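Since the structure is predicted, the reported quantities are computational estimates derived from the model, not experimental observations.
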Amino acid sequence: QAQLVESGGGLVQDGGSLRLSCARSGRTFSTYGTGWFRQAPGKEREFVAAINWSGGFTTYADSVKGRFTISTDNTKNTVYLQMNTLKPEDTAVYFCAAVKTGYPSSRAAEYDYWGQGTQVTVSS
């Protein structure tokens, strides 16, 4: 059974930083891309960033470009999301998800496996 577990969320002040982790287990995730999505109260789930297995392909939402960095450590089967210069509008539950492709997209419907999410709150 494939499992994705997010961690690293919390409360941070405007302009602060957090690093989220997505630990993957239960199957072989080689050839799988991993994406981060977020959902704020009353809003639809939105794409944040994605990376392929090797780390050679990454893509970001315009709203986080230059502030967030996605990376992967395949020795630990973990994908990270480094979030800098956080803003109150970044407040949301952050989810990681996996999709069997070398070029993961921004479309949530294409992802096969999802974690339970981790809360990120940015105070002003």
Classify the ring geometry of F57 against Y103: parallel below 30°, tilted from 30° to 60°, perpendicular beyond 60°.
perpendicular

Just so I know, are the side chains of R38 and E46 near enough to count as touching, which here means a heavy-atom distance under 4.5 Å?
yes

If you measure from OG1 on T69 to CZ on R19, what distance do you get to the nearest 0.5 Å?
11.5 Å

Side chains of N84 and S17: donor-acceptor distance under 3.5 Å anywhere?
yes

Are V93 and W114 connected, step by step, through hydrophobic side chains (Ile, Leu, Val, Met, Phe, Trp, Tyr) whose heavy atoms are closer than 4.5 Å?
yes

Is F95 reachable from Y113 through a run of I, L, V, M, F, W or Y residues, each pair having side-chain heavy atoms under 4.5 Å apart?
no

Tell me whether K65 is salt-bridged to D62, with the criterion being a basic N under 4.0 Å from an acidic carboxylate O.
yes

Check whether any side-chain heavy atom of T31 lies under 4.5 Å from a side-chain heavy atom of W53, and answer yes or no.
no

Is there a donor-acceptor contact under 3.5 Å from the side chain of E6 to the main chain of C96?
yes

Under 3.5 Å, side chain of N52 to main-chain N/O of G55, donor-acceptor pair present?
yes

Hey, could you give me the NZ/CG distance between K87 and D14, rounded to the nearest 0.5 Å?
9.0 Å

Indicate whether any N or O donor in one side chain lies under 3.5 Å from an N or O acceptor in the other, for R24 and T34.
yes

For a quick check under 3.5 Å, do E110 and S105 share a side-chain donor-acceptor pair by atom type?
yes

Quick one: are P104 and Y111 in side-chain contact, heavy atoms under 4.5 Å?
yes

Do S25 and N77 touch side chain to side chain, with heavy atoms closer than 4.5 Å?
no

Can you find a pair of side-chain heavy atoms, one from V79 and one from S71, that are under 4.5 Å apart?
no

Does F37 have R45 sitting over its ring (NZ/CZ under 6.0 Å from centre, angle to axis within 45°)?
no

Sub-4.5 Å side-chain heavy-atom contact between F68 and V48:
yes

Hey, quick one: are V64 and V120 part of the same hydrophobic cluster, counting side-chain heavy atoms closer than 4.5 Å, chains of contacts allowed?
yes

Answer yes if Y94 and V122 sit in the same cluster of Ile, Leu, Val, Met, Phe, Trp and Tyr residues linked by side chain heavy atoms under 4.5 Å apart, and no otherwise.
yes

Is the shortest heavy-atom distance from the side chain of I70 to the side chain of W36 under 4.5 Å?
yes

Between T101 and V99 (side chain of the first, backbone of the second, donor and acceptor by atom type, cut-off under 3.5 Å), is there such a pair?
no

Check this for me: E89, atom CD, are more than 12 non-hydrogen atoms of other residues, nucleotides or ligands nearer than 6.0 Å?
yes

Any side-chain heavy atom of L18 sitting closer than 4.5 Å to one from L86?
yes

Polar side-chain atom of T118 near backbone of G9 as donor-acceptor pair, under 3.5 Å
yes

